[in-house]
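Structure first, then comments.
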Amino acid sequence: MFYKEKGFYISLICGIVCLAAFSFICMNVFSDGSGEQENAVVAQETQAPIMTEAPTATFSPEAEDATTDNVKSEVKESTPAPKKKKAKTTMKSNKTKVEDKLHFDQETGLLWPVEGDILIEYSPEKVVYFPTLSQFKTNPALIIGSKVGESVKSSSSGVVKNIETNDETGTTVTIAIGDDFKVVYGQLKDLAVSKGDEVSEGQVIGKIAKPTKYYSVEGANLYYQVKQKEETVNPLVLLR
């Protein structure tokens, strides 16, 4: 009897265990299935939308022309404007034209630039005495005595060709008067003209300065030289 009861309880316990195991397995199966379904639904909902084929653009000649015009406009705006030529070039051209129109009448001659005695005569071929230097040498100009501050007049109409300063003649102005003639005025100060200026006969171009160390004994003077094609000419032949 005892063994029968004992076998009954063992069978009952085994059945309960089997039933519990079966229930547990069923719960896991159903649970996994529903989870996969939910995951599939979520994946389907979050999937990126499928792109449809982009519409084909329609070619338009008018649109192409407009685009081309815009590009040309941008290129034109980005291209720097050409630089203007400097006024200096034009001024130089004008000076050259004025100089070409100048005419020096040798018969009319030159106006005396200052009033004064000739301290050292023009002598390009034979030597003459220079008191300050205490020596004899040739002289390509007239040395005309004057006073410091005395006004110096232009001997003829012309254009100021050059202005320079050197040890012998101090501040020196060269004026082109036409027909390849030039007049050189040295020992000046307080100039009233600049390079490139047009001057008329009798116009004041500057004043007599203190003599340079080359003419300290001779005293204040005007260094006066006339050239034709870079060859010196005797001023006395042309002065009236």
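Along the sequence shown, residues are numbered consecutively beginning with 1.
Partners of K137 by salt bridge (Lys or Arg N to Asp or Glu O under 4.0 Å), not counting sequence neighbours, listed by chain and number: E168. When the salt bridge (Lys or Arg N to Asp or Glu O under 4.0 Å) test is applied to E150, no partner is found at least two apart in sequence or on another chain. Not counting sequence neighbours, K153 has no partner by the side chain to side chain donor-acceptor pair (under 3.5 Å) test. Taking S216 as the reference, T132 meet the side chain to side chain contact (heavy atoms under 4.5 Å, CB included) condition, with sequence neighbours excluded. Residues passing the side chain to side chain contact (heavy atoms under 4.5 Å, CB included) test with T165 are T171, sequence neighbours excluded. With sequence neighbours left out, D105 forms a side chain to side chain donor-acceptor pair (under 3.5 Å) with T108. Remark: S123 engages no residue in a side chain to side chain donor-acceptor pair (under 3.5 Å) (not counting sequence neighbours). Under the side chain to side chain contact (heavy atoms under 4.5 Å, CB included) criterion, S194 pairs with D197, not counting sequence neighbours.
Listed by first and then second residue, the ring pair (Phe, Tyr, Trp, His ring centres under 6.0 Å) pairs involving residues 154-173 amount to none (not counting sequence neighbours). Listed by first and then second residue, the ring pair (Phe, Tyr, Trp, His ring centres under 6.0 Å) pairs involving residues 120-165 are Y129-F136 (not counting sequence neighbours).
Side chain of N234 to backbone of L236: a donor-acceptor contact under 3.5 angstrom is found. Although no hydrogens or angles enter the test, the distance criterion places no donor-acceptor pair under 3.5 Å between the side chain of W112 and the main chain of L239.
Surrounding CD of Q135 are more than 12 heavy atoms belonging to other residues, nucleotides or ligands, all under 6.0 Å away.
Two residues are said to be in side-chain contact when any heavy atoms from C-beta on lie closer than 4.5 Å; P113 and L222 meet this criterion.
Residue T172 holds its OG1 atom at 9.5 Å from CD of Q225, rounded to the nearest 0.5 Å.
In the hydrophobic cluster analysis, where Ile, Leu, Val, Met, Phe, Trp and Tyr join through side-chain heavy atoms closer than 4.5 angstrom, Y224 is grouped together with V173.
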Tell me which donor-acceptor pairs under 3.5 Å the side chains of residues 179-193 have, and how far apart each pair is, sequence neighbours excluded?
from: D179; atom 1: OD2; to: H103; atom 2: ND1; distance (Å): 2.7
from: D179; atom 1: OD2; to: F104; atom 2: N; distance (Å): 2.8
from: K182; atom 1: NZ; to: E230; atom 2: OE2; distance (Å): 3.1
from: Y185; atom 1: OH; to: S155; atom 2: N; distance (Å): 2.8
from: Q187; atom 1: OE1; to: T212; atom 2: N; distance (Å): 3.3

Using residues 138-147 as the side-chain source, report each donor-acceptor pair under 3.5 Å to any protein atom, sequence neighbours left out, with the distance given to one decimal.
from: N139; atom 1: OD1; to: A141; atom 2: N; distance (Å): 3.4
from: N139; atom 1: ND2; to: E121; atom 2: O; distance (Å): 2.8
from: N139; atom 1: ND2; to: A141; atom 2: O; distance (Å): 2.5

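Remark: E198 does not engage K101 in a salt bridge, criterion side-chain N to carboxylate O under 4.0 Å.
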